[in-house]
Amino acid sequence: KYSLFPPLGLATLAAYLADDDEATLVDDHVETWSEDDAPDIVVIQVYITNASRAYAIADRYRAKGVFVALGGLHVTSLPEEAAPHADAIFLGPGEETFPQFLADFRARAPKLRYQSLKGRTLENIPPVRRDLIRRNRYLVPNSIVVTRGCPQHCDFCYKDAFFEGGRSFSTQRVAAALAEIERLPGRPLYFLDDHLLGGRRFAAALFDGMR
(Lines give C-alpha, C1' and ligand atoms only; values in the text may rest on other atoms or scores of the structure.)
Protein backbone atom coordinates (compact mmCIF):
# COMPACT_ATOMS: atom_id res chain seq x y z
CA LYS A 1 0.00 0.00 0.00
CA TYR A 2 2.63 2.53 1.04
CA SER A 3 4.70 2.15 -2.12
CA LEU A 4 1.63 2.71 -4.28
CA PHE A 5 1.36 6.50 -3.93
CA PRO A 6 3.17 9.35 -2.14
CA PRO A 7 1.36 10.79 0.90
CA LEU A 8 0.95 14.56 0.66
CA GLY A 9 0.58 15.72 4.28
CA LEU A 10 4.15 16.88 4.92
CA ALA A 11 4.65 18.07 1.35
CA THR A 12 1.58 20.27 1.85
CA LEU A 13 2.96 21.76 5.08
CA ALA A 14 6.34 22.35 3.44
CA ALA A 15 4.65 24.82 1.10
CA TYR A 16 4.41 27.23 4.06
CA LEU A 17 8.19 27.36 4.58
CA ALA A 18 10.14 30.46 3.58
CA ASP A 19 12.01 30.45 0.28
CA ASP A 20 15.38 30.22 2.03
CA ASP A 21 14.36 27.37 4.36
CA GLU A 22 15.88 23.99 3.53
CA ALA A 23 13.52 21.02 3.70
CA THR A 24 13.97 17.28 3.28
CA LEU A 25 11.03 14.89 3.11
CA VAL A 26 11.60 11.25 4.06
CA ASP A 27 8.93 8.57 3.62
CA ASP A 28 10.04 5.86 6.03
CA HIS A 29 7.87 3.30 4.25
CA VAL A 30 9.86 3.40 1.02
CA GLU A 31 13.30 4.86 1.79
CA THR A 32 16.07 4.28 4.28
CA TRP A 33 16.05 6.79 7.11
CA SER A 34 19.28 7.93 8.69
CA GLU A 35 19.51 9.74 12.02
CA ASP A 36 22.94 11.20 11.26
CA ASP A 37 21.45 14.58 10.27
CA ALA A 38 21.03 17.59 12.57
CA PRO A 39 17.94 19.57 11.49
CA ASP A 40 16.45 22.52 13.36
CA ILE A 41 12.98 20.93 13.32
CA VAL A 42 11.67 17.42 12.73
CA VAL A 43 7.98 17.13 11.84
CA ILE A 44 6.44 13.65 11.78
CA GLN A 45 3.01 12.67 10.48
CA VAL A 46 1.65 9.91 12.73
CA TYR A 47 -0.88 7.22 11.81
CA ILE A 48 -1.98 4.31 13.99
CA THR A 49 0.08 2.00 11.75
CA ASN A 50 3.35 3.88 12.28
CA ALA A 51 2.82 5.35 15.76
CA SER A 52 5.38 3.21 17.60
CA ARG A 53 8.00 3.83 14.93
CA ALA A 54 7.20 7.57 14.86
CA TYR A 55 7.56 7.88 18.62
CA ALA A 56 10.89 6.02 18.55
CA ILE A 57 12.26 8.36 15.87
CA ALA A 58 10.94 11.39 17.74
CA ASP A 59 12.59 10.25 20.97
CA ARG A 60 15.95 9.78 19.22
CA TYR A 61 15.91 13.27 17.78
CA ARG A 62 14.82 14.86 21.06
CA ALA A 63 17.67 13.07 22.81
CA LYS A 64 20.02 14.94 20.45
CA GLY A 65 18.36 18.28 21.30
CA VAL A 66 16.35 18.59 18.07
CA PHE A 67 12.91 20.21 18.26
CA VAL A 68 10.25 17.62 17.33
CA ALA A 69 6.66 18.30 16.29
CA LEU A 70 4.08 15.54 15.82
CA GLY A 71 0.75 15.72 14.01
CA GLY A 72 -1.69 13.68 11.99
CA LEU A 73 -4.65 11.42 12.62
CA HIS A 74 -3.18 9.50 15.53
CA VAL A 75 -1.96 12.59 17.37
CA THR A 76 -5.36 14.24 16.98
CA SER A 77 -7.10 11.09 18.25
CA LEU A 78 -4.71 10.49 21.20
CA PRO A 79 -2.91 13.76 22.00
CA GLU A 80 -2.03 12.73 25.56
CA GLU A 81 -0.25 9.64 24.22
CA ALA A 82 1.72 11.65 21.67
CA ALA A 83 2.64 14.66 23.81
CA PRO A 84 5.46 13.01 25.86
CA HIS A 85 7.31 12.28 22.59
CA ALA A 86 7.17 15.82 21.19
CA ASP A 87 8.04 19.43 21.87
CA ALA A 88 4.85 20.48 20.07
CA ILE A 89 1.80 18.62 18.79
CA PHE A 90 -0.70 19.60 16.08
CA LEU A 91 -4.38 18.67 16.38
CA GLY A 92 -6.43 18.62 13.18
CA PRO A 93 -5.33 19.65 9.69
CA GLY A 94 -2.13 21.68 9.68
CA GLU A 95 -2.88 24.41 7.13
CA GLU A 96 -4.00 26.72 9.93
CA THR A 97 -1.68 25.64 12.73
CA PHE A 98 1.63 25.06 10.95
CA PRO A 99 2.10 28.67 9.72
CA GLN A 100 1.39 29.88 13.26
CA PHE A 101 3.88 27.39 14.66
CA LEU A 102 6.56 28.57 12.21
CA ALA A 103 6.03 32.18 13.28
CA ASP A 104 6.25 31.19 16.96
CA PHE A 105 9.34 29.04 16.37
CA ARG A 106 11.14 31.87 14.59
CA ALA A 107 10.24 34.13 17.52
CA ARG A 108 11.67 31.46 19.88
CA ALA A 109 8.28 31.01 21.56
CA PRO A 110 6.71 27.79 20.25
CA LYS A 111 3.64 26.49 22.06
CA LEU A 112 3.21 22.94 23.30
CA ARG A 113 -0.08 22.38 21.44
CA TYR A 114 -1.65 23.80 18.29
CA GLN A 115 -5.34 23.20 17.64
CA SER A 116 -7.05 23.79 14.30
CA LEU A 117 -10.24 25.69 15.12
CA LYS A 118 -11.33 27.74 12.12
CA GLY A 119 -13.49 26.57 9.24
CA ARG A 120 -11.30 24.38 7.06
CA THR A 121 -11.07 24.95 3.37
CA LEU A 122 -8.96 24.05 0.36
CA GLU A 123 -9.13 27.65 -0.87
CA ASN A 124 -5.87 29.61 -1.06
CA ILE A 125 -3.65 26.70 -0.02
CA PRO A 126 -0.21 27.06 -1.65
CA PRO A 127 0.86 24.39 -4.16
CA VAL A 128 2.09 21.12 -2.68
CA ARG A 129 5.91 20.88 -2.58
CA ARG A 130 6.06 18.01 -5.05
CA ASP A 131 9.73 18.76 -5.64
CA LEU A 132 10.42 17.11 -2.26
CA ILE A 133 8.77 13.83 -3.27
CA ARG A 134 10.96 11.06 -4.69
CA ARG A 135 8.62 10.05 -7.48
CA ASN A 136 10.59 6.98 -8.53
CA ARG A 137 9.76 5.29 -5.21
CA TYR A 138 6.06 4.98 -6.05
CA LEU A 139 3.97 2.97 -8.48
CA VAL A 140 1.58 5.91 -9.04
CA PRO A 141 3.56 9.06 -8.19
CA ASN A 142 0.72 11.43 -9.14
CA SER A 143 -1.32 11.52 -5.95
CA ILE A 144 -3.74 14.38 -5.39
CA VAL A 145 -6.34 15.67 -2.92
CA VAL A 146 -9.29 17.67 -4.30
CA THR A 147 -11.70 17.35 -1.36
CA ARG A 148 -11.10 17.49 2.36
CA GLY A 149 -12.89 15.48 5.03
CA CYS A 150 -16.13 13.56 4.74
CA PRO A 151 -19.75 14.72 4.94
CA GLN A 152 -20.75 11.58 6.87
CA HIS A 153 -20.60 11.09 10.63
CA CYS A 154 -19.70 7.45 11.37
CA ASP A 155 -18.84 6.56 14.95
CA PHE A 156 -16.46 3.78 13.87
CA CYS A 157 -14.36 6.06 11.65
CA TYR A 158 -10.76 6.73 12.68
CA LYS A 159 -10.86 10.16 11.01
CA ASP A 160 -14.02 11.36 12.71
CA ALA A 161 -12.14 13.34 15.37
CA PHE A 162 -9.80 14.80 12.76
CA PHE A 163 -12.61 16.19 10.60
CA GLU A 164 -15.04 17.07 13.41
CA GLY A 165 -17.74 14.56 12.63
CA GLY A 166 -18.45 15.54 9.03
CA ARG A 167 -18.72 19.26 9.72
CA SER A 168 -15.68 20.27 7.73
CA PHE A 169 -16.11 18.73 4.29
CA SER A 170 -14.83 21.07 1.59
CA THR A 171 -13.76 20.91 -2.04
CA GLN A 172 -11.37 22.72 -4.31
CA ARG A 173 -12.78 24.86 -7.05
CA VAL A 174 -13.24 22.62 -10.08
CA ALA A 175 -11.03 24.83 -12.26
CA ALA A 176 -8.23 24.74 -9.65
CA ALA A 177 -8.46 20.94 -9.35
CA LEU A 178 -8.34 20.48 -13.11
CA ALA A 179 -5.39 22.89 -13.38
CA GLU A 180 -3.45 20.88 -10.76
CA ILE A 181 -4.21 17.63 -12.60
CA GLU A 182 -3.03 19.22 -15.84
CA ARG A 183 0.32 20.14 -14.27
CA LEU A 184 1.07 16.55 -13.22
CA PRO A 185 3.27 14.56 -15.61
CA GLY A 186 1.75 11.40 -17.07
CA ARG A 187 -1.81 10.14 -17.03
CA PRO A 188 -2.13 7.74 -14.03
CA LEU A 189 -3.70 9.54 -11.07
CA TYR A 190 -4.36 8.48 -7.48
CA PHE A 191 -7.00 10.40 -5.48
CA LEU A 192 -6.20 10.37 -1.75
CA ASP A 193 -9.60 11.82 -0.85
CA ASP A 194 -11.59 10.23 1.97
CA HIS A 195 -14.87 10.75 0.10
CA LEU A 196 -14.26 11.92 -3.46
CA LEU A 197 -18.01 11.68 -4.18
CA GLY A 198 -19.02 13.56 -1.03
CA GLY A 199 -19.96 16.60 -3.08
CA ARG A 200 -22.03 15.23 -5.96
CA ARG A 201 -22.11 18.42 -8.00
CA PHE A 202 -18.36 18.94 -7.58
CA ALA A 203 -17.55 15.33 -8.52
CA ALA A 204 -19.72 15.45 -11.64
CA ALA A 205 -18.10 18.68 -12.81
CA LEU A 206 -14.62 17.35 -12.02
CA PHE A 207 -15.12 14.13 -13.97
CA ASP A 208 -16.68 16.01 -16.89
CA GLY A 209 -13.61 18.25 -16.99
CA MET A 210 -11.20 15.31 -16.78
CA ARG A 211 -13.01 13.54 -19.61
Closest non-hydrogen atom pair, E31 against L25
OE2-O, 4.0 Å
State plainly whether one hydrophobic cluster holds both L112 and F90, where clusters connect Ile, Leu, Val, Met, Phe, Trp and Tyr through side-chain heavy atoms under 4.5 angstrom apart.
no
Exercise: identify the closest heavy-atom pair between V140 and P6:
O-CD, 3.4 Å
Heavy atoms of K64 and E35 approach each other most closely as NZ-O, 2.5 Å
Can you check whether L91 reaches Y114 side chain to side chain, under 4.5 Å on heavy atoms?
no
Side chains of Y61 and D37: do they bring a donor and an acceptor to under 3.5 Å?
yes
For V146, does its backbone N or O pair with a side-chain atom of D193 as donor and acceptor, under 3.5 Å?
yes
Flag the pair D40 and R106 as a salt bridge only when some basic side-chain nitrogen lies within less than 4.0 angstrom of an acidic carboxylate oxygen.
no
Does any N or O in the side chain of D59 come within less than 3.5 Å of the main-chain N or O of A56, such that one atom is a donor and the other an acceptor?
no
At their closest point, which heavy atom of P99 faces which heavy atom of G94, and how far apart are they?
CD-O, 3.6 Å
In terms of hydrophobic clustering (I, L, V, M, F, W, Y; side-chain heavy atoms under 4.5 Å; direct or indirect links), are L78 and I57 co-clustered?
no
Closest heavy-atom pair and its distance - F5, S143:
CB-CB, 4.2 Å
Mind running side-chain contact (heavy atoms from CB on, under 4.5 Å) on L102 and L17 for me, showing each step along the way?
CA-CA 8 Å; L102 288 175; L17 296 172; 4.0 Å; yes
For R53, is there an ion pair with D28 - N to carboxylate O distance below 4.0 angstrom?
yes
Would you mind reporting whether I133 and D131 have side-chain heavy atoms less than 4.5 Å apart?
no
Does some side-chain heavy atom of L189 sit less than 4.5 Å from a side-chain heavy atom of I181?
yes
Salt bridge or not for R148 and E95, using N-O below 4.0 Å?
yes
Checking side-chain polar atoms at under 3.5 Å, does N142 have a donor or acceptor matched by the opposite partner on R135?
yes
Separation between CG of L139 and CG of L4, rounded to the nearest 0.5 Å:
5.5 Å
Short side-chain donor-acceptor distance under 3.5 Å, H74 and E81
yes
When rounded to the nearest 0.5 angstrom, what is the spacing between NZ in K111 and CD in Q100?
5.0 Å
Going through the distances and angles, do V68 and Y55 end up as a side-chain contact (heavy atoms from CB on, under 4.5 Å)?
CA-CA 10 Å; V68 173; Y55 294 157; over 6 Å; no
For a 4.5 angstrom cut-off between non-hydrogen side-chain atoms, does I41 reach F101?
yes
With a 4.0 Å cut-off, would you call D27 and R134 a salt bridge?
no
So which atom in V46 and which in A51 form the shortest heavy-atom distance, rounded to 0.1 Å?
CG1-CA, 3.7 Å
